[in-house]
Structure formats: C-alpha cells, structure tokens
Chemist: 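Would you mind keeping the following structure in view while I ask a few things?
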Amino acid sequence: MLDLKAIRQEPDRFRRGLARKRHNPALIDELLKVDEAWRSALVEVERLKAERNRASEAIARKKKQGEDAAADIAEMRAVSEKIKELEEQVRQLDEQVQSQLLELPNIPHDSVPDGEDDGDNVVVKQWGEQPKFDFTPKPHWELAQELDIVDFERAVKITGSRFVLYKGLGAKLERALANFMLDYQIEKNGYVEMFPQFIANDTSMVGTGNLPKFGDEMFKLEGLPYYLIPTAEIPLTNYYRDEILDPSMLPVKFAGYSACFRSEAGSAGKDTRGLIRLHQFQKVELVKLVTPETSYAELDSLVEDCEDILQALELPYRVVECCTGDQGAKASKQYDLEVWIPASGRYREISSCSNFEDYQARRANLRFRRDESSKPEFLHTLNGSGLAVGRTVAAILENGQQADGSIRLPKALVPYMGVEVISRRA
RNA sequence: GGAGUGAUGGCCGAGUAGGUCGAAGGCGCUCGCCUGCUAAGCGAGUAUACGCCCAUAAGGCGUAUCGAGGGUUCGAAUCCCUCUCACUCCGCCA
C-alpha cells in the first residue's frame, strides 16, 4: 500500500509512477477527492464528539452535586443523533479511501527502466554456456515420460489438467532439489529455515498484496476465508505481521519450502505441456525484512543468493531487470532469473526477486523501532524464489540430457540423489 | 464437534449497582539525584493510530483505541448481542 500522506504531498510523483507502471494516473486524483471528503467529514464529527465529551463531563458533575441535568441531556441527545449520522458517512468514506488505496500498485524505483512488457526488460547478466548437442534435444516432458519419472496422464485422472505426479527418481529429484536449495541457503547464506502452512487467511493475503486485486489467481477454500498459498512468501512475510521488531533482529532472512497453488486464470493455452505452468508446484522461497536504507543492497544480495543455486546446479541463466510495465504490482524493483531451456531455445523465468520497499510492510503493519525513543517505522520487505523446483527439474532434464535419453546430473546433486545419471530402468 | 473459563498498556495486574479511566498499583525501561563500587533509596518520564493548527520543525489541540464488530445511553473497560482467539474437560483423530 502506498503512503497516503506522501500522495497528498507529492501527487505528481505518484501519478508519474502509476503512468510508468502502465496504470491510470487519474486513480490518484480519484483517491485524493475521496480523501478530502473523508477528512472534512472527520473534522466535523470530531468537533461534535469533543463537544459531547465536554457536555458529558458537565452532566456528571451536576449529577454528583444533585443538580438537574435534564436540559443538557436533552440537548446532547440531538448532538448524538448528528454524530451517529456523520460517523456513518465517515466510515463509508474511510472504507472507500482504504479500498482504493489497497487497489493501487506500488510505484517503480527511479532506476527501473521504462517499458511496456517483458520485451523491454534489460538483460543485466548472463552466466554459463548453453550446452551444444550433437543430436536434437528433447523437451523435458518427453525425456521425463520416457524415463518414467513423471506421470502427466494419471495426474490428470487424479485431479485434472495442469497437475503432475513425480515418480521414482523424478520424485527423488524433486525432493533432492528442495533439500539442496534449503541446505544451501541455510548453511551458506544464513537464512532461517521455515516450514509454513500451505493455507493462509484473507488478512494475510491482503498483507502481502494478493488481495483484494488478485483473488482470482488463487484457490479459495469453500465457505472459509482461507486460500491455498500461491507462494511461501505469504506465510513468511506475514509471520511478523502487526509486530514491532527490535533492530538487533534485522535483517530477518527466512527460507521456506512449500507447495504453491495457482489457478492460472487467464493462461489457457499457454505452456500446456510439461512442468512449466501447473496448478501446484513446489518452491523454496527467500524472504527478507530489512531496514529501509539497506533494502537495495539486500536486493542485490538476494539475487546473488538465488544465482548461487543456478550456478551450483551448472544451469546457464541470465538475469533481467524487469521494466516498469513488466514488474509485479507490488514491486519497486524486480529482477528475474531466467534459465536456459534448450528444447525451447529460450530462457524461462525460474526465479523472481523483488524489493517491495514499504508497500507490503504498510499492509501487513511490519515495523521496527530504531531505539527506545524513536517512533516505529515500516520495514522494507523483499523476496525471491530460490528456486521454483518444477522448472529446475525441467532445466536439469533438458540441459543434462544425453543422446540415449539419460540425464547427467549436476555434481552438487549427486550426494542427494545417490546416482550421477538418471537412465531408463533396465 | 460438545461443555466451561477467560481476553485490560512492554510484562504482571486492579477496575461490574455505567460518569473527568488512556485506564490504580507493581515490574521492566529511560533520564536525573544520591551513593567508595555493587545493591538499595529518591524524583521525573515511559502506548499507538488518525485528524486539525503549524514551516512537511518544535510544539499545541482534538478524536479513537481496555480481543473484534454492532447495540443501549447525554455518557460504556464496565450493560446487551454476534464473532474471533486462548485455556480446561469430554468426544474424535495423525
């Protein structure tokens, strides 16, 4: 959520920010209009309440002294009526302000390149050699099916389309990757391991910015204000919701593994095959809560932490900075890590690292106090996927494939897998 | 799922025949005094949000907040209703 006071003071900055993000800048003016109505109603109702409070004290005093207060009470009855009316107005206007505020996206950092969509993203780094094959590389779903390590058809029978079931060494690979990613972040990069619940309530969803605007991207539990989490970001970011942290705790660095559930509304026909776009996938997510002055340095190190995994897995990738039009709604600045997928001949997003500045902190009321005499301040929140496991499986299969259809595993994974190669069962 | 008890400030804990209660007291913490050191003692201070005035300062004023929401009333921490959460017992289960 944006800072309403800041919007009042510098509306132009926010109009420009929205325009850069390909949102309608007039939303700012609509908001300010309602805000002004709200404030003038508030001033009036508070004035009446002050009057009532004074009168009530006077009535109490008179009664105590045995005087008659009937006239004052009659007078105040009318004032109370008026207050009740005005309060209803104030409540409605406040609700409007809040709901408009909750709908507004974050605005991009000045350094973010302007652009319409992912075509305008800027490649800031490229790592690794794209493998050369002396045969035609197969897509990962063919490799996996031939190796009998995933089952798409039966997964559809059990649930429906866009689900998959891992089997044998495929299941082990999924588990090995999660363990490897977690171990790495915990042992090498100093994250605290968290294993969260996969269901979160509506308040948590508002806290991270998934509600009210993106409810249709999630699965909701029938009859309950509960949702399947689309990412472990939800529980990890909400962990300290409504708390004031001591600076000695900062930066907070969480690494959490979870299943992620996405309705994929609006992506019909996209990536219908393979492990790229499913209703359920697993992911190790990194979340940081930091002081505002450190958040951009923390973003850089977050990106590096996620890159570590790709490098350790020997997967060629590039880092792109998302342009204003391609950023997530919540982000101020965002880098995507894209892994090389040989059969498609293109890079695919495997991680997204963002600095949200205080956008989520305001919603989730995540604060810290610099020292005892200072006011609480909002933290900055960041998160990054480290990494999406399903897409990592796809990348390992495609990049590690050999002429006979077997898969050479990255060295880092061998201790976790117990084999160096996944091959057809004899 | 059934029965019961409870929810007050950083913590503990008063406060129900409604009335100057943002809330006694204690602890903790901060500053000062005192004190060979430490401890003890003395004094002062110690919530958050929002709005208005104002130089987006200092400061002042006001409103709200005793789990949440609603109701009764001139006035509610105190009365009524709904909900949430915690604890205890029973049932059920991994």
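Sequence lines set the chain letters: A, B, ... in the order given, protein chains first and strands last, and positions in each chain run from 1.
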Chemist: Taking only residues two or more places apart in sequence or in another chain, which ones pass ring pair (Phe, Tyr, Trp, His ring centres under 6.0 Å) with A:Tyr317?
Modeler: A:Trp127

Chemist: Are the side chains of A:Tyr257 and A:Lys283 in touch, meaning some heavy atoms are under 4.5 Å apart?
Modeler: no

Chemist: Does A:Arg369 have a side-chain nitrogen or oxygen under 4.0 Å from the phosphate oxygens OP1 or OP2 of B:U46?
Modeler: no

Chemist: Checking A:Lys330 against A:Tyr359: charged group under 6.0 Å from the ring centre and within 45 degrees of the axis?
Modeler: no

Chemist: Roughly, in whole Å, what's the span from CZ in A:Arg61 to C1' in B:G19?
Modeler: 11 Å

Chemist: Between A:Leu4 and A:Ile244, which residue's closest nucleotide on RNA chain B lies nearer the 5′ terminus?
Modeler: A:Ile244

Chemist: Check side chain to side chain contact (heavy atoms under 4.5 Å, CB included) between A:Glu88 and all other residues, then give those that pass, not counting sequence neighbours.
Modeler: A:Arg91, A:Gln92

Chemist: Could you work out the separation of B:C81 and B:C21 based on their P atoms and round it to a whole Å?
Modeler: 28 Å

Chemist: B:G1 and B:U8: how far apart are their C1' atoms, nearest whole angstrom?
Modeler: 31 Å

Chemist: Check the distance between B:G51's P and A:Leu86's CG and give it to me in whole angstrom.
Modeler: 18 Å

Chemist: Could you work out the separation of B:C29 and B:A47 based on their C1' atoms and round it to a whole Å?
Modeler: 13 Å

Chemist: Give me the distance, rounded to whole Å, that separates B:U65 from B:A23 when you measure between the C1' atoms they each carry.
Modeler: 12 Å

Chemist: Can you say whether the rings of A:His279 and A:Phe163 are parallel (under 30°), tilted (30 to 60°) or perpendicular (over 60°)?
Modeler: tilted

Chemist: If I take atom CG from residue A:Leu289 and atom OG1 from residue A:Thr381, how far apart are they, to the nearest 0.5 angstrom?
Modeler: 7.0 Å

Chemist: What does the B/S/- profile of nucleotides 52-80 of chain B look like, 5' to 3', with a 4.0 Å heavy-atom cutoff to protein?
Modeler: S---B-----BBS-------S-BS-----

Chemist: Work out how far the C1' atom of B:C52 is from that of B:C12, and round it to whole angstrom.
Modeler: 38 Å

Chemist: Expressed in whole Å, how much space separates the P atoms belonging to B:G19 and B:A24?
Modeler: 16 Å

Chemist: Rounded to whole angstroms, how far apart are CG on A:Asp371 and P on B:U30?
Modeler: 12 Å

Chemist: For the residue pair A:Tyr296 and A:His109, does the interplanar ring angle fall in the parallel (under 30°), tilted (30 to 60°) or perpendicular (over 60°) class?
Modeler: tilted

Chemist: Using modelled atom types and a 3.5 Å cut-off, is there a donor and acceptor pairing between side-chain atoms of A:Gln100 and backbone atoms of A:Leu31?
Modeler: yes

Chemist: B:U84 P sits how many Å from A:Asp242 CG, rounded?
Modeler: 19 Å

Chemist: Give the table of side-chain donor-acceptor pairs shorter than 3.5 Å for residues 69-82 of chain A, with sequence neighbours excluded, one pair per line with atom names and distance.
Modeler:
| from | atom 1 | to | atom 2 | distance (Å) |
| --- | --- | --- | --- | --- |
| A:Asp72 | OD1 | A:Lys62 | NZ | 3.3 |

Chemist: What residues form a side chain to side chain contact (heavy atoms under 4.5 Å, CB included) with A:Asp371, not counting sequence neighbours?
Modeler: A:Ser373, A:Ser374

Chemist: Say you pick atom P in B:C11 and the same atom in B:C92; how far apart are they, in whole Å?
Modeler: 39 Å

Chemist: How does RNA chain B look in dot-bracket notation if pairs are Watson-Crick or G-U with both distances under 3.5 Å, crossing ones as [ ], other-strand ones as |?
Modeler: ((((((((.[[[..)...(.....]]]((((((.......))))))(((((((.....))))))).[[[[[..)....]]]]])))))))....

Chemist: Considering only atom P, compute the distance from B:U5 to B:C79 and round it to an integer number of Å.
Modeler: 15 Å

Chemist: Rounded to the Å, how far apart are A:Leu93 CG and B:G51 C1'?
Modeler: 14 Å

Chemist: Specify the separation, in whole Å, of atom CD of A:Gln89 and atom P of B:G51.
Modeler: 18 Å

